[in-house]
Amino acid sequence: QVQLVESGGGLVQPGGSLRLSCAASGSIFGINHMAWYRQAPGKQRELVARIRTSGTTNYLESVKGRFTISRDNAKNTVYLQMNSLKPEDTAVYYCNLLSWTSANYWGQGTQVTVSS
């Protein structure tokens, strides 16, 4: 019904930048709340950034000032610009879509590794 495909992950050195993209396809009607989560090995999945239909954003405290979430409604795509990356940002990043029906959809995840 709805598929989310993340891209843009990879290996980057501390202080570097990555831009994640999440393209939604399928039975999508209008815009939806979208978010990025991440999960490090042995850790609980945590909300990194959220962008509501209104455009309002929320960020995990530890990424404020470094990450920016944005969306292109015409392309059904959400982005996460990540700057000044730190080793502790290493995780699998997941795109999330919350539909108007309250259905929750997840992408397959994209690996972000910050290491020297």
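Only this structure's heavy atoms are used, side chains among them; waters, hydrogens and symmetry mates stay out.
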Notebook entry, point to check: Of the non-hydrogen atoms in D89 and R66, which two are nearest, and what is the gap between them?
Noted result: OD2-NH1, 2.7 Å
Check: Would you call R71 and I31 a side-chain contact if the rule is heavy atoms closer than 4.5 Å?
Finding: yes
Checklist line | Minimum heavy-atom distance L4-Q108, with the two atoms named | finding: O-OE1, 3.4 Å
Check: So T113 and Q111, side chain to side chain donor-acceptor pair (under 3.5 Å) or not? Walk me through it.
Finding: CA-CA 6 Å; T113 302; Q111 177 70 47; 3.3 Å; yes
Checklist line | Cationic tip of R38 above Y94 ring, under 6.0 Å, 45° of axis | finding: no
Note to self: On a heavy-atom basis, which atom in S84 and which in S17 lie closest, and how many Å separate them?
What the structure shows: N-OG, 4.3 Å
Next item on the list: Take the angle between the ring planes of W100 and H33 and call it parallel below 30°, perpendicular above 60°, tilted in between.
Entry: tilted
Check: Hey, are Q44 and Q39 close enough side-chain-wise for a donor-acceptor pair under 3.5 Å?
Finding: no
Checklist line | S99 versus T101, closest heavy-atom pair with distance | finding: OG-OG1, 2.7 Å
Notebook entry, point to check: Which atoms form the tightest heavy-atom contact between S54 and T56, and what is the distance?
Noted result: OG-OG1, 3.1 Å
Next item on the list: Decide yes or no for W36 and N96: does some side-chain heavy atom of the first lie under 4.5 Å from some side-chain heavy atom of the second?
Entry: no
Margin query: Could you report the tightest heavy-atom contact between M34 and C22, atom names first, then the distance?
Written below: CE-SG, 4.3 Å
Note to self: Looking at Y79, I'd like to know if the NZ or CZ of R19 sits under 6.0 Å from its six-membered ring centre while staying within 45 degrees of the ring's axis.
What the structure shows: yes
Next item on the list: State yes or no: are the ring centers of W106 and Y37 separated by less than 6.0 Å?
Entry: yes
